[in-house]
Amino acid sequence: MSLAVSITEEDIPTLKRMADCVRFLSADVVQKANSGHPGAAMGLAEVVSVLTFHLRLSPKNPQWLNRDRLVFSGGHTSALIYSLLHLWGFNVKLDDLQSFRQLDSITPGHPEYGLTDGIEITTGPLGQGVANAVGFAMARQYAASLLNDTITLIDHNVFCLCGDGDLQEGISYEACSLAGHLKLSSLILLYDCNNITIEGNVNLAWSENITKRFLAQDWSVFECDGHNPISINEALNRAKDSLQPSLIIAHTKIAQGSKNFSGSAKTHGAPLGADEIAISKEMSGFCKAEDVFYIPDDVKHKFRTLFDMGSALEYQWNMLLRNISEEKKELIQNLIAPPFSTVQFPSFQVGAMLATRASNGAILNAIAKALPGFLGGSADLAPSNNTILKDEQNFPQGRNIHFGIREHAMGAIMNAFAHYGLFLPYCATFFVFSDYMLPAIRLAALMKTQCFYIFTHDSIGVGEDGATHQPVEQLSHFRSLPNLYTFRPADAHENIAAWRVAFHIHAPVAFVLSRQNLPIYDKCLVEDMEKGAYVIRGSIEPQIIIASSGSEVALSIEVASILEDNGIRVQVVSVPCFDLLLEQDAEYRNLLFPEDSLKIAIEASRGLEWYAFVDILFAMESFGESAPGEVLFKHFGFDAECIAQKILTLY
């Protein structure tokens, strides 16, 4: 049971001053930048002031493992976020608040992980933070099962501040449904219910009964007056004691404290104006009209209670660590610093035929045996994705996570797992359904989050399911995303080498894998994989270069054999990671693609990015069809004899 926080009528004057400080500091931050969202920040002032006394954070060590996780799903309310971090004692200075939304500041328009101490994860697109919070609560649940025994090392809570827009986004339905199913009792969602979005009152497009929705998803639901500290505190105490995830509906007024604009949608995304802020300050009695960025010492002292309490709690926790077993200490060390060199990868027979989704399944299991923090699952496609970890139980008792048909939430939950501090997560689905995950994948790339995506059924080779299930444009999209490394291995040995390299990439990695069987070639060198491309079949002074990835490497080798029978010297280049190839210097690129040769790419995808290296592209120019995969490859021209004859007419 969590410790209850007591707030009485005697505390109200102090809490009012705290709330006014947050309210007007946030308004000043936005006004100074002449850009931002003051309304929600002002409306949440009482909620976050009370929350200060419930949070267990350690500003002097923002990465303390057993800290509460605080997620701001409404990232547009960043003026509030940065004001709080400053008041709580994180490394956010007053100068940083005054540099809000300016170039090279640590206070950008929406919070970014790694840029500002105290920001647990990058949010911005509405609803992402709700799913992130579910992910943190899931990670907390599994961490507790691993590390708690007679000594409780993990017992923190996960708090998330969200608004009407977050709950309208579909991702919140997916994530909250899973949270209720898993009974994530550490999760507390604070809903700023001000009934306002950019266009006006929410009733323009929304009339949902949120209480019934969350009760139906097996949550506890509490309501409070979001401007009454005693009411807020009571709801927080009850939520902390719940055996289910909790929703606190805080009824607030946007821009509370503004003299003329309280309750107005105009305050959602525009400064109040200096005159309005001045008259509102004077009306509140908190400070003089001319006081800007005003933080009285008594108020700062109250907010810094969080700093002092967090430091004490972290110290007590570190004392607990001294008493745990050596076995537990070793486990924690292996979770924090995964022993990648101990992975015993499977062996594969050269000349055999095996789909890369199948070889990858064996690789995942080998990794899981060596790395206790390696875990993940699929969006209800684990048997097809080959992502089940053998001899492992289902989450939360084990490492096989069943996300259900929730791709969008799965991606955001993955991001939180990766940022929890102990885990290396992977998730999986068919490549075409990666479209449902793109917002979360983009944020992972922005954060340089180390997580792994397993995407199978990588091309028209999907076959009979037809065009709706055959990815055509997705591979090009993934290659265009900064900080996302996409591997499309040609065989099992390239798959192993790709994983060896991926372990040391501090960014998200996608594996795009075949449904159909592919020939297994000689072992791929890690140093070749590190460069993203290498000569898999060479010729001295080649006249033609054929480049490809994945299943089309075998096709390219067949085409090369036909051309060589016609007296043409051919070099085949396998490009398992286009992103790494782009990072190589001109000298290496010229080795692969000599200037005086005819350069050709073959890929059963859209593939327009290949024109950075080649003169001619054999690729998809339409969506797929419904037929067996081998029939479709021939139908769309991916046939060795057909391609070779076209090349001969061009050469």
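Residue numbers start at 1 and run along the sequence shown.
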Which residues pass the salt bridge (charged side-chain N to carboxylate O under 4.0 Å, His left out) test with Glu464, sequence neighbours left out? Arg515
Heavy atoms from other residues, nucleotides or ligands near CD of Glu587 exceed 12 (cutoff 6.0 Å):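 Counting other residues, nucleotides and ligands, CD of Glu587 stays at 12 neighbours or fewer.
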What are the two closest heavy atoms between Leu331 and Leu146, and how far apart are they?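 Nearest pair, atom of Leu331 first, then Leu146: CD2-O, 4.0 Å.
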Looking at residues at least two apart in the chain, or sitting in another chain, which of them share a salt bridge (charged side-chain N to carboxylate O under 4.0 Å, His left out) with Glu326? Lys329
Should the heavy atoms of other residues, nucleotides or ligands under 6.0 Å from CG of Asn590 be counted, would the total exceed 12? yes
Is a donor on one side and an acceptor on the other found under 3.5 Å between the side chain of Asn495 and the backbone of Ser359? no
Salt bridge (charged side-chain N to carboxylate O under 4.0 Å, His left out) involving Glu392 - partner list, sequence neighbours excluded: Arg399
Residues Arg67 and Glu120 bridged, charged N to O under 4.0 Å: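 Glu120 and Arg67: salt-bridged.
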For the backbone of Ala507 and the side chain of Asn483, can you confirm whether one donor and one acceptor N or O come within less than 3.5 Å of each other?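 Between the backbone of Ala507 and the side chain of Asn483 there is no qualifying donor-acceptor contact (under 3.5 Å).
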Tell me, which pairs form a ring-ring contact (aromatic ring centres under 6.0 Å, His included) where one or both residues lie in residues 443-485, sequence neighbours left out? Phe430-His457, Phe431-Phe455, Phe431-Phe478, Phe433-His469, Phe452-Trp499, Tyr453-Phe455, Phe455-Phe478
My understanding is that only residues two or more places apart in sequence, or in another chain, count here; which of them pass side chain to side chain donor-acceptor pair (under 3.5 Å) with Thr123? none
Return each pair, listed once, that meets ring-ring contact (aromatic ring centres under 6.0 Å, His included) where at least one residue sits in residues 532-572; pairs must be two or more places apart or across chains.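 Checked against ring-ring contact (aromatic ring centres under 6.0 Å, His included) - neighbours excluded - no pair reaches residues 532-572.
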Do His493 and Asp522 pair up side chain to side chain, a donor and an acceptor below 3.5 Å, judged on atom types alone?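 No, no side-chain donor-acceptor pair sits under 3.5 Å.
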Working note: Tyr113 + His419, criterion ring pair (Phe, Tyr, Trp, His ring centres under 6.0 Å); need CA distance, chi angles, decisive distance, verdict. CA-CA 9 Å; Tyr113 173 82; His419 286 274; 4.1 Å; yes
Where Ser384 and Thr456 come nearest, the two heavy atoms and their spacing: O-OG1, 4.1 Å
Working for side-chain contact (heavy atoms from CB on, under 4.5 Å), residues Phe487 and Val509: CA-CA 7 Å; Phe487 289 87; Val509 173; 3.5 Å; yes
Test log, rule side-chain hydrogen bond (donor to acceptor under 3.5 Å, both in side chains), inputs Ser476 and Glu609: CA-CA 7 Å; Ser476 294; Glu609 64 275 11; 2.6 Å; yes
Got a sec: does the CZ of Phe374 have more than 12 other heavy atoms crowding it under 6.0 Å? yes
Donor-acceptor pair between Asp458 and Ser514 side chains, under 3.5 angstrom: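 No, no side-chain donor-acceptor pair sits under 3.5 Å.
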Could you note down all residue pairs passing salt bridge (Lys or Arg N to Asp or Glu O under 4.0 Å) where residues 556-577 supplies at least one of them, sequence neighbours left out? Arg537-Glu564
Taking the side chain as every heavy atom from C-beta outward, state whether Lys646 and Ile643 have any atom pair closer than 4.5 Å. no
For a quick test of reading the model, state the closest non-hydrogen atom pair linking Thr116 to Pro108 and the distance between them. OG1-CD, 4.4 Å
Shortest non-hydrogen contact from Leu422 toward Leu147: CD1-CD1, 4.1 Å
Keeping the roles fixed (side chain from Asp380, backbone from Gly404), state whether a donor-acceptor pair exists under 3.5 Å.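 Here the side-chain-to-backbone pair does not exist.
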Determine whether the side chains of Ser378 and Asn385 contain a donor N or O and an acceptor N or O closer than 3.5 Å. yes
Between Arg69 (side chain only) and Tyr420 (backbone N and O only), is there a donor and an acceptor less than 3.5 Å apart?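 Answer holds: yes.
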Does Leu598 reach the side chain of Ile545, with side-chain heavy atoms less than 4.5 Å apart? no
Audit row: Ile121, Met447, side-chain contact (heavy atoms from CB on, under 4.5 Å) steps and yes/no: CA-CA 8 Å; Ile121 200 159; Met447 293 184 283; 3.7 Å; yes
Go through the steps to decide whether Leu364 and Tyr426 satisfy the test side-chain contact (heavy atoms from CB on, under 4.5 Å), and finish with yes or no. CA-CA 9 Å; Leu364 293 180; Tyr426 69 87; 4.2 Å; yes
Testing the basics here: between Cys427 and Met437, what is the closest heavy-atom pair and its distance to 0.1 Å? SG-CE, 3.5 Å
Could you tell me whether the side chain of Ile647 reaches within less than 4.5 Å of the side chain of Ile544, counting heavy atoms only? yes
By the side chain to side chain donor-acceptor pair (under 3.5 Å) test, which pairs, at least two apart or in different chains, include something from residues 138-147? none
Would you call Gln393 and Asn400 a side-chain contact if the rule is heavy atoms closer than 4.5 Å?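 Contact flag for Gln393/Asn400 side chains = no.
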Which pairs with one or both residues in residues 540-570 pass ring-ring contact (aromatic ring centres under 6.0 Å, His included), sequence neighbours excluded?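 Checked against ring-ring contact (aromatic ring centres under 6.0 Å, His included) - neighbours excluded - no pair reaches residues 540-570.
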Is a side-chain N or O of Ser73 found less than 3.5 angstrom from the main chain of Val130, in a donor-acceptor match?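 Yes; at least one donor-acceptor contact below 3.5 Å.
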For the backbone of Phe503 and the side chain of Gln450, can you confirm whether one donor and one acceptor N or O come within less than 3.5 Å of each other? yes
Between Lys328 and Asp149 (salt bridge meaning N to carboxylate O under 4.0 Å), is one present in this structure? yes
Any donor-acceptor pair under 3.5 Å from Asn148 side chain to Ile154 backbone: yes
Quick one: does Phe636's side chain get under 4.5 Å of Met620's, heavy atoms only?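 A side-chain contact exists here, since the closest heavy-atom pair is under 4.5 Å.
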Between Asn132 and Ile413, is there a side-chain heavy-atom distance shorter than 4.5 Å?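 When only atoms from C-beta onward are counted, Asn132 and Ile413 do not touch, as no gap falls below 4.5 Å.
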Going by atom types only, do Thr449 and Asn415 share a side-chain donor-acceptor pair under 3.5 Å?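 The criterion, which ignores hydrogens and geometry beyond distance, is not satisfied for Asn415 and Thr449.
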If only atom types and distance count, is the side chain of Asn566 paired as donor or acceptor with the main-chain N or O of Ile562 below 3.5 Å? yes
Sequence neighbours left out, what pairs pass side chain to side chain donor-acceptor pair (under 3.5 Å) with at least one residue falling in residues 591-607? Arg479-Glu603, Ser549-Glu603, Glu603-Trp610
Step by step, would you call Asp465 with Gln470 a side-chain hydrogen bond (donor to acceptor under 3.5 Å, both in side chains)? CA-CA 8 Å; Asp465 277 340; Gln470 292 165 10; over 6 Å; no
Carefully, step by step, assess Thr356 and Leu518 under the rule side-chain contact (heavy atoms from CB on, under 4.5 Å). CA-CA 7 Å; Thr356 48; Leu518 303 175; 4.1 Å; yes
Looking only at atom types and distance, does a side-chain atom of Gln474 sit under 3.5 Å from a main-chain N or O of Val472, one as donor and one as acceptor? yes
Using atom types as modelled and distance alone, determine if a side-chain donor or acceptor of Asn365 lies under 3.5 Å from a backbone N or O of Ile388.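 Indeed, once roles are kept as given, a pair shorter than 3.5 Å links the two residues.
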Could you check whether any side-chain heavy atom of Pro396 comes within less than 4.5 Å of a side-chain heavy atom of Met138, counting everything from C-beta outward?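 They are not in contact (no side-chain heavy atoms under 4.5 Å apart), so the answer is no.
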Can you run down the salt bridge (Lys or Arg N to Asp or Glu O under 4.0 Å) pairs that involve residues 542-553, sequence neighbours left out, and say none if there aren't any? Arg488-Glu552
Pairs flagged by side chain to side chain donor-acceptor pair (under 3.5 Å) wherever residues 620-632 is involved - sequence neighbours left out: none
Please give me the minimum heavy-atom distance between Met529 and Cys524, naming the atom from each residue.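 Shortest heavy-atom separation between Met529 and Cys524 comes out as CE-SG, 3.8 Å.
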